**Student:** 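Got a structure for you, questions after.
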Amino acid sequence: MKTMIEPFRIKSVEPIRMTTRAERERILRNAGYNAFLIHADDVVIDLLTDSGTGAMSAQQWAGLMRGDESYAGSPSFYHFERRVQELFGFDHVLPTHQGRASERILFELLGGPDQVVPNNAHFDTTRANIEHSGAEAVDLPISAARVPGVAHPFKGNLNVDALRALIAEVGASRIPVVMVTVTNNSGGGQPVSLENLKAVRAVCDEHGILMFLDACRFAENAFFIQQREPGMADRSVREIVQEMFALADGATISAKKDGLVNIGGLLLLRDQDLFQQASNLLILTEGYVTYGGLAGRDLEAMAQGFDEVVQEDYLAYRVRSVEYLGEQLRNAGVPIMEPPGGHAVYIDAGALCPHIPPEQFPGQAVVCGLYRVAGVRAVEIGTVMFGGVQPGPHALPLDQRLELVRLTIPRRVYTQSHMDYVAEAVGEVAAMRDALRGLRIVEEPPVLRHFTARFEEL
Ligand code: P71
């Protein structure tokens with residue numbers, strides 16, 4: 001059969017409130033032209049993020065009823081811990097309320113002034129938590145990652161030569177950990193190959209540096225490895241996940257993505273000492289070690305979610321549905337980050353709107369256009385998100401920064417006709433690109449400005 005179907009039926013539905021263009025014009029103005037400030041019931045199709053926005057399965061909902069809410073030693077924790085240990089191969093498992101809580105604890109322990117933390121590409125909260133500790137966050141993408149129109153099977157790879165050069169320059173003693181983000185989110189949801197992970201591991205071993213995964217989208221990454229990496233076609237996704245994690249000393253995970261839950265996170269550690277210290281910090285601000293800021297029912301939903309996310313018919317559908325949207329945009333002549341990622345299609349707003357300079361936020365102009373035209377909410381990943389902080393000594397040159405608009409697909413939520421509608425909306429915005437206007441910021445917080453800044457159209 002030619003059509004790949006959603007491998008599930010829909011048992012419970014939520015109505016979508018339709019809005020008129022005139023209403024949306026007013027809503028956008030009131031929201032200061034920031035999509036984060038729009039009320040979700042004023043959105044027709046919500047592609048702001050795939051984080052915590054997925055639909056749970058009947059088995060996950062059943063898990064919620066089984067959840068045991070004991071403060072200490074809940075059976076739900078031990079069930080969750082066992083499932084996580086089996087899948088990821090780590091003895092030490094700390095639950096957290098979401099990814100950034102794991103990051104905050106990790107970088108309080110490993111970061112600090114004068115420290116340097118490389119990554120293929122840090123996402124916003126990871127970078128912010130590293131910088132908050134006083135350390136410098138450095139992106140080391142491969143050069144192909146900076147050219148949106150050129151496809152590469154593993155565009156998320158970390159640039160190993162650049163890593164060696166950075167170590168030679170600053171010294172291994174200033175680099176407590178090398179992070180690798182799978183899939184790479186700020187650079188297009190692109191996967192990292194097993195070969196690249198092994199190469200990074202080898203460099204870390206040479207210099208006695210820890211290697212951690214930022215593994216929010218580990219299952220999508222493993223599926224791409226199975227599909228694209230030579231010799232991997234016969235391996236199961238579960239085996240590939242195990243091999244990826246076997247290379248790492250630890251991982252921070254937001255379960256709101258490939259955990260298929262609406263809230264939850266993990267900190268995985270190998271080292272007993274680090275685990276002790278992390279446990280103490282967890283208790284200080286998150287909660288006791290057997291719930292980490294979550295309810296027992298959330299742990300049950302997560303345990304089940306990690307099981308479902310490595311099912312290969314789910315992943316085939318997941319990756320195909322994102323690719324389908326990418327194909328439609330490509331056919332409509334819209335420049336996108338090639339190839340489409342695992343969780344999102346990224347519009348190359350820099351190429352779409354060459355008349356809007358980076359300091360007038362071309363991505364934000366496209367985000368506003370999509371909302372106006374069709375009530376589609378997307379998110380800017382460009383100068384709004386990453387241009388606010390003072391660039392460190394190892395920041396990428398300005399002309400290598402990307403101006404992207406991410407159409408992020410929530411898991412198991414939207415159907416093919418929803419994607420057709422989104423593609424039409426993007427086509428319409430692309431057709432009126434010359435009429436899109438840049439913006440200026442009128443209000444912004446000192447860090448993570450994209451969440452709350454307010455804009456005016458120029
Ligand atoms: C995403 C998010 C969440 C988000 C961020 C910014 C705007 C809107 C939504 C979160 C990630 C991530 C990676 C690679 C760590 C976190 C933090 N991503 N690493 O992509 O993608 O996890 O949200 O659970 O704290 O929309 P957390």
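Just so it is clear, the structure is predicted and the values come from calculations on it, not from any experiment. As a basis for the values below, the full set of heavy atoms in this structure was taken, side chains included, without hydrogen atoms, waters or symmetry mates. Whatever order the structure lists them in is the order used to number ligands and atoms, beginning at 1.
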**Student:** Using a 4.0 Å cut-off to any heavy atom of Cys216, which atoms of ligand 1 qualify?
**Tutor:**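 Matching atoms, with element in brackets: 12 (C), 13 (C), 14 (C), 15 (C), 19 (N).
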**Student:** Rounded to the nearest 0.5 Å, what separates atom OG1 in Thr96 from atom CG in Leu106?
**Tutor:**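 One finds 11.0 Å between OG1 of Thr96 and CG of Leu106.
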**Student:** Under a 4.0 angstrom heavy-atom cut-off, which atoms of ligand 1 come close to Thr181?
**Tutor:**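 The list of qualifying atoms is 14 (C).
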**Student:** Evaluating non-hydrogen atoms only, which member of Lys257, Arg127, Glu103, Gln98 is closest to atom 10 (C) of ligand 1?
**Tutor:**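 Of the listed residues, Lys257 has the closest heavy atom.
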**Student:** Name the closest protein heavy atom to atom 19 (N) of ligand 1, giving the residue it belongs to and the distance to 0.1 Å.
**Tutor:**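 Checked against all protein heavy atoms, atom 19 (N) of ligand 1 sits closest to Asp214 OD2, 2.8 Å.
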**Student:** Which is closest to atom 21 (O) of ligand 1 by heavy-atom distance: Ile381, Asn185, Ile263?
**Tutor:**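 Answer by nearest heavy atom: Asn185.
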**Student:** Run the salt-bridge test on Asp91 and Arg270 with the 4.0 Å N-O cut-off and return the result as yes or no.
**Tutor:**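 Judged by the 4.0 Å cut-off on N to carboxylate O distance, Asp91 and Arg270 do not form a salt bridge.
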**Student:** Strictly under 4.0 Å, does any heavy atom of Gly265 approach an atom of ligand 1?
**Tutor:**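 The answer is no: ligand 1 sits nowhere under 4.0 Å from a heavy atom of Gly265.
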**Student:** Is there a polar contact, in the sense of an N or O pair closer than 3.5 Å, between Leu48 and ligand 1?
**Tutor:**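 No; the residue has no nitrogen or oxygen that sits under 3.5 Å from a nitrogen or oxygen of the ligand.
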**Student:** Using 4.0 Å as the upper bound for N to carboxylate O, is an ion pair formed by Glu25 and Arg29?
**Tutor:**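 Judged by the 4.0 Å cut-off on N to carboxylate O distance, Arg29 and Glu25 do not form a salt bridge.
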**Student:** Starting from atom 23 (O) of ligand 1, which protein heavy atom do you reach first, and at what distance in Å?
**Tutor:**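 For atom 23 (O) of ligand 1, the nearest protein heavy atom comes out as Arg100 NH2, 2.9 Å.
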**Student:** Would you call Arg411-Glu220 a salt bridge at under 4.0 Å N-O?
**Tutor:**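 So Arg411 pairs with Glu220 through a salt bridge.
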**Student:** Within the structure, does Ser254 bring an N/O atom to less than 3.5 angstrom of an N/O atom in ligand 1?
**Tutor:**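 Yes, since at least one N or O of Ser254 sits under 3.5 Å from an N or O of ligand 1.
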**Student:** For atom 7 (C) of ligand 1, what is the nearest protein heavy atom, given as residue, atom name and distance?
**Tutor:**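 It is Phe36 CZ, 3.3 Å.
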**Student:** State plainly whether the residues Lys198 and Glu243 are in salt-bridge range, i.e. N to O under 4.0 Å.
**Tutor:**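 Yes.
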**Student:** Which atoms of ligand 1 sit under 4.0 Å from any heavy atom of Thr126?
**Tutor:**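 Once the distances to Thr126 are compared, the set is 15 (C), 19 (N).
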**Student:** Checking Glu359 against Thr383: is there a side-chain donor and acceptor pair closer than 3.5 Å?
**Tutor:**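 Checked: Thr383/Glu359 side chains show no N/O donor-acceptor pair below 3.5 Å.
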**Student:** If only side-chain N and O atoms count, and only distance matters, is there a donor-acceptor pair under 3.5 Å linking Thr183 with Arg217?
**Tutor:**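 Distance-only check fails for Arg217 and Thr183.
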**Student:** List every atom of ligand 1 that sits less than 4.0 Å from any heavy atom of Gly99, numbering the atoms from 1 in the order shown and giving each element.
**Tutor:**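 Under 4.0 Å from Gly99, ligand 1 has these atoms: 22 (O), 24 (O), 25 (O), 27 (P).
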**Student:** Looking at Lys256, which atoms of ligand 1 are within less than 4.0 Å of one of its heavy atoms?
**Tutor:**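 Those qualifying, in numeric order: 24 (O).
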**Student:** Output yes when Arg238 and Glu312 qualify as a salt bridge under the 4.0 Å nitrogen-oxygen rule, no when they do not.
**Tutor:**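 Between Glu312 and Arg238 there is no salt bridge, as every charged N stays at least 4.0 Å from the carboxylate O atoms.
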**Student:** Going by the order shown, which atoms of ligand 1 are within less than 4.0 Å of some heavy atom of Arg406?
**Tutor:**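 Those of ligand 1 that fall under 4.0 Å from Arg406 are 1 (C), 20 (O), 26 (O).
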**Student:** Using distance alone, determine whether Arg217 and ligand 1 share an N or O pair under 3.5 Å.
**Tutor:**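 Yes, there is a polar N/O contact under 3.5 Å.
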**Student:** For the pair Arg320 and Glu323, find out whether any cationic side-chain nitrogen is under 4.0 Å from an anionic carboxylate oxygen.
**Tutor:**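 Glu323 and Arg320: salt-bridged.
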**Student:** Counting heavy atoms only, which of Thr49, Asn129, Thr125, Thr252 is nearest atom 17 (C) of ligand 1?
**Tutor:**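 Answer by nearest heavy atom: Thr125.
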**Student:** Please say whether more than 12 non-hydrogen atoms of neighbouring residues, nucleotides or ligands are located less than 6.0 Å from CD in Glu69.
**Tutor:**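 Yes - once you tally the heavy atoms of other residues, nucleotides and ligands closer than 6.0 Å, there are more than 12.
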**Student:** Please indicate whether any nitrogen or oxygen in Thr183 is less than 3.5 Å from any nitrogen or oxygen in ligand 1.
**Tutor:**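 In fact, backbone or side chain, Thr183 has no N or O that close.
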**Student:** Within a distance under 4.0 Å of any heavy atom of Asp124, pick out the atoms of ligand 1 and give their elements.
**Tutor:**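 Here the atoms of ligand 1 in question are 5 (C), 6 (C).
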**Student:** Per the side-chain hydrogen bond (donor to acceptor under 3.5 Å, both in side chains) rule, which among Glu81, Arg83, Arg82 passes with His79?
**Tutor:**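 Output: one option passes, namely Arg83.
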